[in-house]
Every structure is written in C-alpha cells, then in structure tokens.
Amino acid sequence: MSNEKTILKLQLPTDPLWVKNVVESNIEEILTDHAFCEQKAASNAITLIVQNPNLSDLVQEMALLVQEEMDHFKRVHDIILERGYTLGRERKDNYVNELMQFLVKGGSRQQQLVDRLLFSAMIEARSCERFKVMSEHINDKQLADFYYELMVSEAGHYTTFITLARKYAGKIDVEKRWKDFLAYEAQVVQNYGKKETIHG
Ligand SMILES: [Fe+2]
Ligand SMILES: [Fe+2]
C-alpha cells in the first residue's frame, strides 16, 4: 500500500497485545466505540464544509468523505446487529480530546483550518494503524477482513487531509507543523493501548 510508509511515520506503533488482551474479549465495546468514531469522522467533515463553504475543493472532498464514513458507520452497525448486540451510547475519546489540546488557540483562520486538517489527518493515521494491528492479530475472520478493508480506506482519508492542508497552507510551514504534531501524538499515545476503544 503506497501510503503505508508515511503512516508508519507515526512514532509509536500499537502493541499487538492490545488486540489479544483487550480487544478480543470486548468486541461489543469495540464495535460500539468504532461505530461512533465513524459517525464523528463524518460530523467533522460536515463541520469543515460548514466552516469553509468557499473552498470548493475541500467541499467536494469532504462531501465524498462524509459518504464513506457513514458507509463505514452503517457497516459497523450491521455487524453489531448481526451479532445480536444493540449500539450503545457514545464512548468518550480521551485520545482525541488530548490531540485537540495541540490545536492553535486563536491564530488566523488559515492557521486554524490547516491545524484542523492536520488534526483530522492524525486521527485517520492512528485509526488506520489500529485497524492494521487489529486486522493482523484478531482471531475473527470477519473482523480481520473488515478491518483490513477499512485500514486501506482510512489511509486514503489521511492522504486527503494532508493534501488539503498543503493546498490551503499559504505561507504556513505544513511539514514543520506536521512533524511537531507527530511528536506530540507520540507523547500522547504512550499512555494508550490499554482500553477497549479504537483509540483506547
Ligand atoms: Fe472510516
Ligand atoms: Fe476516515
């Protein structure tokens, strides 16, 4: 996969033991949290459209992304129902909340947009990495195949966000900001990999 090399720039890989020790014994929890990750990804794309209606390329890309994320949501929900579960309430995502702390406070509209795009790229990259680890280690053929497929899709979303960040960067040094973001994410994620949520 062409994007894999870039994604592996994430500085800290997830320990596969997270799948063995946590995920496999909490499938219902994981599926509920995962469904809401997809819904939140769609909501985030809608917010970007609402805040930037004049950026036609962004609007077009986000319109496509919303459809894909809601398709993912529906497919997770189908699996939840197939397995006799009911979608639970939205779970807290402390990882995402911590990443949000890195976003510029104040700053120009452009800085805020670029940061929001990089923040979105980061969540796609880490979700992609988590799906990869799950697809490789989960002892459940249906979910292994499903997470492999989603890994490829989220890698595409990561590329979309990075490309948009570069496109709208103007004089902002996107590469530097992304490097700093990666370093921050590595600090944050050190404390995760223990809970039964996608970013837990
Ligand atoms: Fe997704
Ligand atoms: Fe995505």
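Sequence positions, counted from 1, serve as the residue numbers for this chain. Treat the numbers as computed from the prediction; the structure is a model and nothing was measured. All ligand and atom numbering here is 1-based and tracks the order in the structure. Reckoned from all heavy atoms, side chains included, excluding hydrogens, waters and symmetry mates.
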Side chain to side chain, L143 and L31, heavy atoms closer than 4.5 Å: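 Yes, close enough: below the 4.5 Å cut-off.
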Side-chain polar contacts of residues 45-56 - donor-acceptor pairs under 3.5 angstrom, sequence neighbours left out - could you list them?
unit_1 : atom_1 : unit_2 : atom_2 : d
T47    : OG1    : S43    : O      : 3.0
N52    : ND2    : L48    : O      : 2.9

Residue pairs involving residues 26-51 (criterion ring-ring contact (aromatic ring centres under 6.0 Å, His included); sequence neighbours excluded):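 Listed by first then second residue: H34-F131, H34-Y147.
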Under 2.8 Å from the Fe ion (ligand 1), the protein N, O or S atoms, given as residue and atom: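 Under 2.8 Å from the Fe ion (ligand 1) - ignoring waters, which are not counted - the protein N, O or S atoms are E38 OE1, E69 OE1, H72 ND1, E154 OE2.
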Atom CG of N139: over 12 foreign heavy atoms under 6.0 Å: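 Counting neighbours around CG of N139, 12 or fewer heavy atoms of other residues, nucleotides or ligands fall under 6.0 Å, so no.
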Test: R166 cationic atom under 6.0 Å from W178 six-membered ring centre, within 45° of axis: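 No, R166 does not sit over the ring of W178.
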Hydrophobic cluster partners of L17 (side-chain heavy atoms under 4.5 Å):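 Its cluster mates, by chain and number: none.
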